Structures are given as C-alpha cells and as structure tokens.
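Working notes, beginning with the structure itself.
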Amino acid sequence: MPAYRPEEIEKKWQAHWKQHSTFKAANHSDKPKYYVLDMFPYPSGAGLHVGHPLGYIASDIVTRYKRLRGFNVLHPMGFDSFGLPAEQYAIQTGQHPALTTEKNIETYVQQLSSLGFSYDWSREVRTSDASYYKWTQWIFLKLFNSWYNLDTNRAEPLTGLTARFAESGSAGIRAAGDDGDRHDFTAGQWSMFSEKQKLAAVLPYRLAYQQDTYVNWCPGLGTVLSNDEVKDGLSERGGFPVERRLMPQWNLRITAYADRLLAGLDQLDWPDAVKEMQRNWIGKSIGAEVTFPVMAGAFPASAGNNPAAAGSNPAETGNNSVEAGSNPASAGNNPAEAGSSSAEAIKVYTTRVDTIYGATFLVLAPEHELVDVITTPEQRTAVDEYIAATKRRSERDRMTDVKAVSGVFTGAYAQNPVNGAPVPIWLADYVLAGYGTGAVMAVPSGDQRDYLFAQHFNLPIPAISDAQQGLDQQADPTKEGHYINSGIINGLTYKEATQKLIAFLEEKGLGKGKVNFRQRDAIFGRQRYWGEPIPIYYKDGTAYGIAESDLPLVLPEIDEYKPTETGEPPLGRAQDWLYKGQYPYELSTMPGWAGSSWYYLRYMDPTNEARFVSEEAEQYWGSVDLYMGGAEHATGHLLYARFWYLFLKDLGLVSSGEPFQKLINQGMILGRSNFVYRVNWVVQTASREAFDQLGTEQIVPVIFASKGRLQTLSDGTPFLYPESEDFLQGIMEAFQAKYPDLTLAYRGITPIHVDVSLVNNDILDTEAFMNWREEYKNARFMWEEDGGNYICGVEIEKMSKSKYNVVNPNILIDKYGADALRLYEMFLGPLEQYKPWNTNGISGVGGFLKKFWRLFHPEDGPLALTDEPATPAELKVLHRAIQKAQEDIEKFSFNTSVSLFMITVNELTALKCHKRAILEPLVLLVSPYAPHLAEELWQELGHEAGSISHASYPEFREEFLVEDVVTYPLAINGKVREQMQFAAAATAAEIETAVLASDFLARHGEGKSAKKVIVVPGRMVNVVI
RNA sequence: GCCGGAGUGGUGGAAUGGUAUACACGAGGGACUUAAAAUCCCUUGCCUUCACGGGCUUACGGGUUCGAGUCCCGUCUCCGGUACCA
C-alpha cells in the first residue's frame, strides 16, 4: 500500500475485529482483571456529535493500553433505552417507542463502530429488553420484600421482621424510616390481624413502599419527576413547569443508606467536585429536635389579628434590645398565666440549640399537620387565605421570589421549653414541609431569614451573645463569645452551652440530639408508558409483589401512548392486563434511573437466565476499575447506583464495597457558533392604500454586515460603524426610487446563528449561505473593507441543533479518518476540561499520521525498513517516548501523549530513521490511540493480522536516556544568562568551582562578587550576587 | 450566599518550585507547480535596537524563596454545582 489511506484500512480492520471477535473478554483468565466502563448512552434520534465520543475515546485508549500491559479487560457497551424522548415521539406519531429505539440504536452502533472502539459487543445490554428488565424488576421485588434493621445496620428480608412481629409484636424493633407512619402492636394483636392488616402494618417498613408523597408533578409531561430531573422549576426534558402535588407514589428508602453513602465516599478515587456534590446532596446535619408545647385556651394576645397589634406588643421593647425583658412574657398580659399546657406540641429541628433563648417565635410550614388544630378562630380567615395563596404560587415563583417575606400569625402560642416564655406561632413558606420537622424555632438575631421575617412583622430581635455585632443591620450567626439573656447558659461558650442544653432537654423529655439529612426517599414511579412495569398487583386494594417466577412482567401493547380519559397512566389502556387473569397491575412504570442503576453488573454475565449475574462472574470482575462519564450524573445515577449496590451487598448478592472505584468526568466539548449580522429595516407607508397595493412580494432588501463593519457595546448590542451606514444610504435611495410611497429606515443589527458547515475559518461561503435558506437567496453582503470576505461572529456555546453548531463525526471520519478524529479529540486539551470544538485544528493530527506513515513508507512508496542497529540518538528518542507515553496514560493526560508522538515523529523524520528496531515498538505505543493505522503497519511488519491488540507493551530502558554531558542554564539572581556544559557525573562542588573559575561573572556580574552559588544537579546553576 | 474549578501568545494548550509560551492551529513570507491542491522551508508573545543585545510578560496586588505560572494571603473575572435545609 503506498500512501496513507485511512478510508481503506479503517474499514478493513473494523470488519476484521468484528469477524474475529478480537475484543471478546473471557470470564476466566490467568491475567489480572481490569474493568473499564463507559456511561451507556440514551440512544437519541439525533445520533452522536463530536462531543459524545470524547470519553469513549479516552476509555478505549486505557482499555487497549491495559490489554498491552497484560490485563484481561472488560470493556462493554450498551444502551439506556427506556426514556422520555422516544415516548414523546410515539405520542406525536403513533410509532411504537421500541421501533424508534431500535432504529436509533442501529445508528449508534454504526457510529461507535466507525470510531474503532474495542468493545466486547457480545455483552451488549439494553435496559428495555425484557430479558434485562426482568432483573430490574427482580431487584425491585427484593427491595419490596426487605426492611432496614438499624440494630444490624443493614437491609434484611421481611420474613425476619414478620417472625419478630409474631413473637413479640412491634416493640423494640428499630427500622429505618419514619416511625410516625407505623403503629405499635403486640404479638397477640399481630396474630389477630387479617392478611390485609398485616400487609398494611408491614408496608411502612419496606424499602420499596407506597405512600402519599409531595411530588414534582409536571402537567406538560403528565408525570412526576425526581428532584434531579427538575432544573430551576422546569422539567429538564422539555422545559415544562413543575408543581408540588400530594400523590400516592412508590418510593425507595434510600435515606436508610444516607450515612453509608456518605461514609463510603472517602474511599473512592473520584473527582472531589463529585464527592462534594454527593455530600451536599445527602446533606447530613447534626443538631437537636426540641419540643415546644402549644399553650391551650384563649390567649389574651390573640385578641387582635396580629400579635404586634395587641397590647402586649413585643416589638415595643425594641428591635435591638438586649434586655431580658424583650421576651413577651414580661409584657403587660402575662400569657403564662392565661394559657396552660395543651396536649399538642410542636417539634422543631435546629442545628443551633444554643440559640434557643433567642427563639422569639416559631414558624411552621403552611403544610404542617398542626396548623388546623392550633389556629385560633380570629386568625382562621387570614391563615386559610395564606395557605391558599401559597398553593397558588408555583414552585418556580417561590424560587425566583426568594427575597420577598410573607407569613401569617396563627393566633396560637407555644412555650419555650427552657424558660417557659410564650412564643407566637406563625406560618411562612420559607419553612419547608419536607425538611426536619417542618417547623423551626426562629432566632432572628442569629439567622438572616428569621431576622428579615422579624423585621417585616415587627417582632423583637434580642441579642444572645456578647460577640454579636451589627444587629441593627442583619443577623449575626457567630458561635464566638459568651451567651447573654440566656438563662442557664449565660456566660458559657458555644460548646459548653450546646452540651448543657441537650442534657437539660433530654432530662425533661423535651428534646434530644438528632441527625438530619437533606436527602429524601427516592420517588420511584412515573406515569409513563416507555419504562419497566413495576411488578406489583392489587388484591382488594392492597399491593402485592408478583412471584419471582412470573417475571418478567412484560410491558403490554397499547393503542395510544397518552394517559387515559380518566387521567390514569398510559398503562391503564392495556386490555385484559391482569395478574393471574384477575388482579389489576400497578399502572406506573419505573423511572429512567432504574435500569441504569445496575447495568454494569449485567455486563459481567449478560445472557444468564437464572440469575442477574452469576456468583463466579461477579466475584471475578468485582467492581469497576475505571468509570468514564459526564459530571451531570454526579447526584443522580451515581448515587442511585451506589445505593442499589449497597442494598445488593446487604443481601449477599455482590461482593465489593463500592461499585465504581475510580471515576473520571470527561469535560464537555462546546460548540463554536458562527453568526451573521442581519440589518433590520422598518418600512413606513404614506397611506393604507400604498401598503395594500404592495401585495405579497418581498420588498425589503436582505443585507448582512461582515463582522469588521460592527462595533459592540458592553452589553453585547452590535451596531454599524457610521461609515458603513453610508453603504446603506444607497440601498435606501434605490428603494425610494422603486417605491416612492414608502420609506425604508435602518433599525440596528440582529446576530443570527449560521450553520457552521457553511463557514471556514470564520469566512462565510456566501454562495452556500444564499442557498441555505429560501429567504436569503437574494441576500447582499457588506464585505470586510480590505479582503472582500464576509467574516462571521463567533461564540462558544453548548452544541445543539438549534444553534447550528453541531459537528457530525461521520463527516470528519470520511475526510480525515477515525484515527485522526480520535487523536484530535485527545489533543484538544485535558480530558476533564470544558473546551471548545474547532474543526480547523484536525489537519494537524492528519499531518502527523501521514508523517508517521512515511517513516515506514518513504515517499509514500512501499514498506521500506532496514534492519540496521539503532543509533544512540534514535534509541533515546524511542525510550523517552516509551517512558512518557506510559506516564501520561497512567495519569490520563492524553493531550500531552499526542504531542509527544508528534515530537517523536518529527525527530525521527529529521534523523531519517527507517529502522525496524525503532519503529516497531513505536507502532505499539501509538496503537491505543490510532488502532487502525497500528494494525495495518503491524501486519505489514510481518505479524499475524489482529495480533497487536494482545501484544506486549515495549519495555522502557533507562540506560538509553543517560547522557554523558548535561547542558546547565547559568543564572544570576534567578535570571538565566548563559548555558554551560558539564559532564553528567560532575558534582555540585565541581560545577560551582568551574562556574566561578569561568568569566561568566565577569561578563554578567556587573562587577559584583558571588555571595552564594546554588547548584541543582542535572537542573541549573544560580549565582547570587 | 455557600461549595467546587479555572484565568498563560491571535486560538486550543505545555511546563516534578529550576531556561515560561512545548505541540498544534491560524497568520505572514518563500520553494515546487501553467495554476490549484498536496508537500516542504523560514518567521510569528510584547516593547526596544540597523544589528549584537537589552527590557517586560502567566488576571490584579502583596508575601515566602537563591529562584514562583506553580506555594501562601487578599482582590477581580469566568465556568460548574447548590440553596429559604433551620
């Protein structure tokens, strides 16, 4: 083969690999194992753009490198093939989502194959295949039939729990979850329960449980969404508004694992950013739960509509008062006498129990269950109105409107448990029903939100610490100093006070230390069609798991993919879809993250029909050694997958501690958008008649101004240079001549995205542009003043179809080859960094590949290598390359490896080296990056076809790098002035003597003498004067 | 606000505390060619000088050090995440 022809050799080797299953991995081997995993894609209709393969290329390089280093590597690929877009498309077109999905997967497989990835395709999984989701459903049933025992700190089968119920009732059982949902019973009562009652009693213990839950309901999509599927109050897919709604939902008790998910992060080799995001998401906080008893009876201060209006107005004692008397109890009407304790009590959660003496009011979430009970008749109307108003405000409003203070007084008072002071109870939507107890003790001097609230409603803001400052301006949450106005903790420090208060509250039974998590249980149902059916049926209104032997529960065919007329999920349309012919199935399906939470396990043993993965395969492959994927999955997929893994581990079904040992987030490749600048016109008619006469013809000239014709204001508004406006004058005059009844006026410039394929080096192909859009076919251009080109504007944005900046890898592969594309994507910059795409640079790596080829095929002739022994200079080039290529790949620095290869080839070209002894090892070095080229050359070198994939990496030998002579930079006070050569063996003292003996100082020392000489052996010499 | 990360030529970027700007793109000049493509050679951080050379430069201001793009303190800007979380 003469010249380098990627289009020929790449097809040849891709076919060879496929035919010979070159990359098939065995589940048994004497070699050490290595598992390289890519986050599997959702097969969208748009196919891959150049940004998608970045991570796949990097992981493929590691895979091929590890094979050369003697590992048995598992490197699979599959498809996360359940999902919303296929279903939305199905609703519009009636086409079954399975068909679109199948078609899209075909495109993906074709695109991935054309990049030369070394996947073991025999292990491909698809989450929408019944043979796969059978096991997703099976894991769900395991969750359904398990509970979390806090005494053993792990999940256990439900059978153990019911056995304990039968023996000793519910007493003494500590289970993860909310005890408030459960009821106490004795063994005797349990034995008297009906089956239905037993199941109802067990339900709140299950790890997969059904409960009325506040959900993110998205009317636009007709389904609920998880928190990580909602961005800024809109659905991530489609951008529809999302609202809060109370609905019965399936949940997974991920909160049982919060502590273990948090602790496990410490051992993982993951990016700090991702670990930190997971920590924040789990949101562990250590604090205390404190009980404030509600005061019963008509309370004098509640006579008015607002406590501030009543005679005992606490605010009158001063917003900034530091007197103990700022407590309403000391005001005129002493409520402590009027009210006595009632049966009700409000539990608050606080991380700052030390500030409790500064708690001058309580705030409940509007959804709090006691609101109805405690609201006084006088306040009833105001409270009802406030609750209604809160409901009307969508989640979105609440988020964009954070600063606005709103709230309402309930008329009720509670008693501060540490000093008996009555504190008014308010409602406000800044308190969230879903966190802590849904109630807070407000400490306006220590918390800014409480401060703003107190200020707005004129409530007192007493200081509680001698270190607090600026309370007339804002809250001061300091933990420094000593407490004041604080009863039993006066004079104490933060630590002392916290301990003393918790002890005091625990003794009185009014509080206890408590750990809280921000994380909620994961809502597991979606009211959609294209997902795994939840394997639950209903008998007499009670949920039962279907028998494992009846799995998979196959997704039924339906006529339309929309909700039913009665508002049930699409599965409600399925005809005769009943368990055992009589019991209705659960109609919601699993969320998108169900199938992706365990797919990496299925790859280990993808066709096993008896088990989700065989014990042997699971134990052989263990956990994933390298997981490559996008940072957008930091708190979704990566958390859920860890949760499922810990659960499976509790049941003894998997053997490692964590599923993904090392994680790398490849950075996003951004698009480089091009803009043209259209001149805007306004046409004014003299009369209505003049306008009517025009008809429909296009009369406004379409003019585009080149970038050099524009200036941009600091806010980004573009406008024409005045001299360029003269250009428009002629056009306006010509227009005037043609349409005397009309006037044409210039009204600024609008930048418009232009397809990047019509642009080269920011120069617009104006011919192609005019053919691009019908309305541009008569466009005129204001060229650059000098060159006569049309220069486009540039912006770096996310790649997307609507911005016309998507670059299709297929086109680049056709033009430059897959090896060039692989190299170029790696060459762009550090893997983890966000970086813009610029197709222009690819010619550089294209040139490199040709040069590399010419080392073997001089003048693009036939293979012509000599068997001459290599010179020291050539060996040095080779072994430096071996050393550095290894180092770079081990630290995932692929961009520097590519430039290393370029330097190496440049140097060998300069040395006119065509020696087998040098070039054969070089083929191995390059093979992970440019596998097709390497295969071709390897075969030409006389090796068996395809054998390079399992050859051995060349061995680095230090001795070839040893130099006899080292060139040292000589510096004066850190500034390099000259170079000098020394024998490699020279000692620091010898070098110092030689430098001082030379005329170096005389020439650069400004007549001063050396104070000190620093010699760094092998590095440099610095003379201090 | 809080938590991460990043600021180096016209551009993407390189640099275990030790010669800043490797490698590549782009640009300019030249060779080959009827021409173009392809290929090859030279120049290319800024200022100064006919030249040799000299000075300056890693967002900005300080500091540590014989020596700082790299470490420390402060400021600014950009990107990502997250938030009435009590």
Side-chain angles (χ1 to χ4, degrees), chain A residues 3 271-277 279-281 283-285 287 348-352 355 359 363 365 398-399 401-405 428-432 434-443 446-450 452-453 477 516-520 631-632 634-635 665 667-668 670 672 761-762 794 796 823-824 827-830 832-845 847-848 850-851 854 859-860 887 893 895-904 906 967-979 1010-1016 1018-1025:
Chain A
D272 288 337
V274 174
K275 290 207 248 186
E276 205 50 36
M277 272 187 243
R279 286 190 190 107
N280 290 339
W281 194 260
K284 182 175 185 171
S285 75
V348 303
Y349 177 73
T350 177
T351 54
R352 288 296 301 276
T355 64
V363 188
R398 278 171 78 160
M399 295 185 65
D401 202 19
V402 164
K403 291 287 169 283
V405 177
D429 63 5
Y430 80 83
V431 176
L432 306 176
Y435 183 75
T437 58
V440 302
M441 61 174 211
V443 183
D447 181 285
Q448 186 61 17
R449 290 156 309 172
D450 298 345
L452 290 172
F453 193 86
N516 234 328
F517 293 95
R518 189 176 84 94
Q519 178 162 46
R520 308 277 62 134
E632 67 273 21
T635 50
N665 293 132
M668 194 186 292
L670 301 168
R672 192 171 185 282
N761 287 342
D762 296 335
V794 175
I796 305 298
L823 279 169
Y824 186 54
F827 187 61
L828 276 178
E832 304 197 34
Q833 200 165 298
Y834 278 52
K835 48 204 174 270
W837 178 265
N838 183 355
T839 301
N840 296 337
I842 197 171
S843 61
V845 292
F848 157 75
K850 286 180 196 167
K851 277 193 206 170
R854 282 194 207 108
E859 321 257 305
D860 283 340
E887 278 172 17
S893 177
N895 55 325
T896 51
S897 333
V898 177
S899 60
L900 165 76
F901 294 145
M902 289 175 170
I903 293 167
T904 304
N906 287 347
T967 303
Y968 282 78
L970 303 188
I972 300 275
N973 288 349
K975 275 195 192 308
V976 174
R977 297 294 173 186
E978 278 188 14
Q979 302 196 338
K1011 278 198 198 129
K1012 193 171 171 186
V1013 179
I1014 314 272
V1015 178
V1016 185
R1019 277 282 176 197
M1020 57 106 63
V1021 179
N1022 188 20
V1023 181
V1024 186
I1025 60 171

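Sequence lines set the chain letters: A, B, ... in the order given, protein chains first and strands last, and positions in each chain run from 1. Quantities reported herein were computed from a predicted structural model and do not represent experimental measurements.
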Please determine if a side-chain N or O atom of [X] lies less than 4.0 Å away from the OP1 or OP2 oxygen of [N].
X: A:Tyr435; N: B:rA86; answer: yes
X: A:Lys975; N: B:rC56; answer: yes
X: A:Lys835; N: B:rG13; answer: no
X: A:Arg449; N: B:rA83; answer: no

Note to self: With hydrogens left out and only the distance checked, is there a donor-acceptor pair under 3.5 Å joining A:Arg518's side chain and the base of B:rU82?
What the structure shows: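 Result: no qualifying N/O pair found.
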Separation of [X] atom [atom1] from [N] atom [atom2], in whole Å?
X: A:Tyr430; N: B:rC85; atom1: OH; atom2: C1'; answer: 12 Å
X: A:Asn973; N: B:rA68; atom1: CG; atom2: C1'; answer: 15 Å
X: A:Asp429; N: B:rC85; atom1: CG; atom2: C1'; answer: 15 Å
X: A:Glu832; N: B:rG12; atom1: CD; atom2: P; answer: 19 Å
X: A:Met441; N: B:rA86; atom1: CE; atom2: P; answer: 12 Å
X: A:Asp272; N: B:rG4; atom1: CG; atom2: C1'; answer: 9 Å

Mind checking [X] for me? I need base, sugar-phosphate or nothing, with any heavy atom below 4.0 Å counting as a touch.
X: A:Val1024; value: sugar-phosphate
X: A:Asn895; value: sugar-phosphate
X: A:Met902; value: sugar-phosphate
X: A:Lys1011; value: nothing
X: A:Asn906; value: sugar-phosphate
X: A:Lys284; value: nothing
X: A:Val440; value: base
X: A:Ile903; value: sugar-phosphate
X: A:Gln833; value: sugar-phosphate
X: A:Pro271; value: nothing
X: A:Asn1022; value: base

Next item on the list: Without swapping roles, check the side chain of A:Lys835 against the backbone of A:Pro830 for a donor-acceptor pair under 3.5 Å.
Entry: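 Yes.
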Checklist line | Flag, side chain of A:Arg352 to backbone of A:Asp447, donor-acceptor distance under 3.5 Å | finding: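 Answer holds: no.
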Notebook entry, point to check: Are A:Asp450 and A:Tyr430 close enough that a side-chain donor and a side-chain acceptor fall under 3.5 Å?
Noted result: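 There is such a pair (donor and acceptor under 3.5 Å, judged by atom type) between the side chains of A:Asp450 and A:Tyr430.
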Checklist line | Validation row: A:Ile1014, A:Val1021 side chains within 4.5 angstrom (heavy atoms) | finding: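 A:Ile1014 does not reach A:Val1021 side chain to side chain.
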Checklist line | Contact check, side chains of A:Val845 and A:Met902, non-hydrogen atoms, under 4.5 Å | finding: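 Yes; the side chains approach each other to less than 4.5 Å.
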In whole Å, what separates the [atom1] atom of [N] from that of [M]?
N: B:rG55; M: B:rU49; atom1: C1'; answer: 11 Å
N: B:rG17; M: B:rA24; atom1: P; answer: 26 Å
N: B:rU77; M: B:rU8; atom1: C1'; answer: 16 Å
N: B:rA68; M: B:rG18; atom1: P; answer: 11 Å
N: B:rC60; M: B:rG28; atom1: C1'; answer: 34 Å
N: B:rG12; M: B:rC79; atom1: P; answer: 15 Å
N: B:rC25; M: B:rA38; atom1: P; answer: 12 Å

Notebook entry, point to check: Between A:Tyr435 and A:Tyr349, what is the ring plane arrangement, given parallel below 30°, perpendicular above 60°, and tilted in between?
Noted result: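 Perpendicular.
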Checklist line | Residue mapping more 5' on RNA chain B - nearest nucleotide basis, A:Met1020 or A:Thr351 | finding: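 Nearer the 5' end of the strand: A:Met1020.
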Margin query: Let me spell it out: for each of A:Ile842 and A:Ser285, pick the nucleotide of RNA chain B with the closest heavy atom. Which residue's pick is nearer the 5' end?
Written below: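 Its nucleotide being nearer the 5' end, the pick is A:Ile842.
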Margin query: Requiring both pairing distances under 3.5 angstrom, list the stems that contain RNA chain B and are made of three or more consecutive Watson-Crick or G-U pairs.
Written below: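 Consecutive-pair runs (3 or more) involving RNA chain B: B:1-7 with B:76-82, B:10-12 with B:23-25, B:26-31 with B:39-44, B:45-48 with B:53-56, B:59-63 with B:71-75.
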Check: Choosing from B:rC23, B:rU19, B:rA86, which nucleotide comes nearest the side chain of A:Pro969?
Finding: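 From the listed options, B:rU19 comes nearest.
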How close do [X] and [Y] get, heavy atom to heavy atom, and via which atoms?
X: A:Ala971; Y: A:Met1020; answer: CB-CE, 4.4 Å
X: A:Pro836; Y: A:Ile796; answer: CB-CD1, 3.5 Å
X: A:Val440; Y: A:Val348; answer: C-CG1, 3.7 Å

Notebook entry, point to check: Does B:rG53 fall in syn (glycosidic angle within 90° of 0) or anti?
Noted result: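 Base orientation relative to the sugar is anti.
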